[in-house]
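Notes to accompany the following structure.
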Amino acid sequence: MIEEVAFIQVGALSDGFAPDSYILDTNNQLTGKTFQLTFAETAAQETISFPTEQQIEWQGVVRDCRITSIREGIYFINFISPEDWRTSITIIINEAEDNCVLVRGTLPTEQDIRMSAFTKVEQNQPLTGVDVDIHFGSLSNTQHPLPAYTSELIGMRNMYTYNPKERYEHVYLNEQFYAWHCLDGVEKGLADVDRCHYIKVSDNLYLFIWREKIIPTLGIILIDLQGMRTDGGIMGYQDQEFSSVSLFPVGAHATILNKTHYPK
């Protein structure tokens, strides 16, 4: 009889990903710079600056953050919001194309986590309690194209190797859902289909966001299909006490296994 595979909390997942991880080195080229982000849909503005290495001044508060650069002039910035310990802020700064993406992701409360899937369906709620708020903006007043939602990944089946012991595959099913499957590692044998969002940042460079429903998890990564690697972060609760969060870096080597083309 095949042994049942158990889902694990994000804190335990981070322990599996950490050893010999293929994350990118941090990048300090933003140190000393200031940006005024202007968001297209509201014209709202947010001024951010980087006073020292791996720190951001956000809404008047200096926070530790993680900054990496998967491509020249494109930066991934990730940190916990000073306003809410259950919320992460992710900013993609694209100096090369003068634009940005801002993602606020918030974990559900324990009460929401313990609500059954059937009850959520009855109440017309999304199955995942992980919430995201996504905005596209510019770095100046000039009219450059902004990042946008894309369907270019749909149909791909990709493998991501995060360290010598952790491998997953993703199947990008449609505009709203993808399937993940752990090939090797602490979640080996586990698989599910979850809500996701695809954003084109540049040619062959995508911001991929997923929101898991069983173990509340927010994943935000840049997928570079030119350099064939990824980098980003995963956030979830440290354990079943739901009193602290784990926000840890992830990075992988990417392999395109195949792409499905459906007949018309």
Side-chain angles (χ1 to χ4, degrees), residues 1-23 86 88 105 107-108 110 112-121 125-132 153-174 176-198 206 208-223 229-242 244-260:
M1 181 177 178
I2 298 175
E3 183 178 352
E4 188 72 20
V5 184
F7 283 84
I8 62 175
Q9 293 293 331
V10 170
L13 183 67
S14 69
D15 293 339
F17 275 60
D20 301 315
S21 174
Y22 296 145
I23 60 173
R86 295 183 300 113
S88 72
L107 297 176
E110 182 177 356
D112 183 68
I113 293 167
R114 297 193 182 281
M115 184 185 298
S116 74
F118 186 76
T119 299
K120 290 182 179 181
V121 170
Q125 295 185 28
L127 290 180
T128 177
V130 180
D131 185 55
V132 292
L153 289 178
I154 293 172
M156 283 189 177
R157 186 185 199 119
N158 293 355
M159 183 176 70
Y160 300 105
T161 304
Y162 293 90
N163 67 26
K165 295 183 178 179
E166 297 282 340
R167 289 192 309 161
Y168 285 73
E169 63 175 343
H170 289 182
V171 183
Y172 303 116
L173 299 171
N174 57 36
Q176 297 190 59
F177 292 98
Y178 88 112
W180 61 267
H181 172 212
C182 181
L183 301 169
D184 293 294
V186 292
E187 291 187 308
K188 183 174 181 178
L190 285 178
D192 205 356
V193 172
D194 282 307
R195 183 72 170 90
C196 68
H197 311 265
Y198 315 89
Y206 307 93
F208 179 63
I209 303 165
W210 74 90
R211 302 151 55 194
E212 296 184 26
K213 60 186 177 295
I214 296 177
I215 303 297
T217 305
L218 172 68
I220 304 181
I221 62 171
L222 283 171
I223 301 173
R229 66 167 307 145
T230 75
D231 197 81
I234 292 177
M235 183 177 74
Y237 285 106
Q238 181 67 33
D239 51 40
Q240 291 180 326
E241 296 298 318
F242 304 114
S244 62
V245 299
S246 172
L247 174 61
F248 67 97
V250 293
H253 297 294
T255 303
I256 299 174
L257 300 177
N258 56 60
K259 185 166 185 179
T260 299

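What you see below is based on every heavy atom in this structure, not just the backbone, and it leaves out hydrogens, waters and symmetry mates. Values in this document were obtained by computation on a predicted structure and should not be read as measured data.
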| query | Between Glu187 and Tyr168, is a side chain to side chain contact (heavy atoms under 4.5 Å, CB included) present by the stated rule, with each step listed? | reply | CA-CA 9 Å; Glu187 291 187 308; Tyr168 285 73; 2.5 Å; yes

| said: Working note: Ile209 + Cys196, criterion side chain to side chain contact (heavy atoms under 4.5 Å, CB included); need CA distance, chi angles, decisive distance, verdict. | reply: CA-CA 5 Å; Ile209 303 165; Cys196 68; over 6 Å; no

| side chain to side chain contact (heavy atoms under 4.5 Å, CB included) between Val132 and Arg211, intermediate numbers included | CA-CA 8 Å; Val132 292; Arg211 302 151 55 194; 3.8 Å; yes

| request: Quick one: do Arg157 and Lys259 satisfy side chain to side chain contact (heavy atoms under 4.5 Å, CB included)? Show the steps, please. | output: CA-CA 6 Å; Arg157 186 185 199 119; Lys259 185 166 185 179; over 6 Å; no

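Between the CD1 atom in Ile8 and the CG atom in Asp239 there is a gap of 12.5 Å [rounded to 0.5 Å]. Of the inter-residue distances, the one linking Leu13 atom CG with Leu190 atom CG reads 10.0 Å to the nearest 0.5 angstrom. From Leu127, atom CG reaches atom CD1 of Ile214 across 10.0 Å, with rounding to the nearest 0.5 Å. Here the CD atom belonging to Glu169 is positioned 15.0 Å from the CE atom belonging to Met156, to the nearest 0.5 angstrom. Residue Ser246 holds its OG atom at 5.0 Å from CD of Gln238, rounded to the nearest 0.5 Å.
Using a 3.5 Å distance cut-off with no hydrogens or angles, the side chains of Asp194 and Trp180 do pair a donor with an acceptor. Remark: the Tyr237 side chain and the Glu110 side chain contain no N/O donor-acceptor pair separated by less than 3.5 Å. A donor-acceptor contact closer than 3.5 angstrom links the side chains of Asn158 and Tyr160.
For the pair Val10 and Met235, the tightest heavy-atom approach, listed with the atom from each and the gap, is CG1-C, 4.2 Å. The nearest pair of heavy atoms linking Cys182 to Gly185 is SG-N, 4.1 Å. Leu218 and Ser88 get closest at one heavy-atom pair: CD2-OG, 3.6 Å.
Between Val186 and Asp15 the shortest side-chain heavy-atom distance does not fall below 4.5 Å. Between Asp231 and Ile221 the shortest side-chain heavy-atom distance does not fall below 4.5 Å. The shortest side-chain heavy-atom distance between Leu173 and Ile154 does not fall under the 4.5 Å cut-off. Tyr22 is not listed as a side-chain neighbour of Thr230, based on a closest heavy-atom distance of 4.5 Å or more. Residues Glu212 and Val130 fail the side-chain proximity criterion, which asks for heavy atoms closer than 4.5 Å. For the pair His170/Met159, no side-chain contact is recorded, criterion being any heavy-atom separation below 4.5 Å from C-beta on. In this structure, the side chains of Arg195 and Gln176 come closer than 4.5 Å at one or more pairs of heavy atoms. Using a 4.5 Å heavy-atom cutoff, the side chains of Ile234 and Thr217 are in contact.
Using a 4.0 Å cut-off between charged nitrogen and carboxylate oxygen, Lys120 and Asp112 count as a salt-bridge pair.
In this structure, Tyr162 and Phe17 have tilted ring planes: the angle between them lies in the 30° to 60° band.
Formation of a donor-acceptor pair under 3.5 Å by the Ser21 side chain with backbone atoms of Ile23 is found in this model. With Lys165 contributing its side chain and Gly16 its backbone, the two residues share no donor-acceptor pair below 3.5 Å. Between the Asp184 side chain and the Glu166 main chain, no donor and acceptor come within less than 3.5 Å of each other. Distance alone, capped at 3.5 Å, is enough to place a donor-acceptor pair between the Arg86 side chain and the Leu107 backbone.
Counted within 6.0 Å of CG on Asn174, heavy atoms from surrounding residues, nucleotides or ligands total more than 12; the atom is thus considered enclosed.
Screening Tyr206, Trp210, Phe208 for a ring pair (Phe, Tyr, Trp, His ring centres under 6.0 Å) involving Tyr172 leaves a single residue, Phe208.
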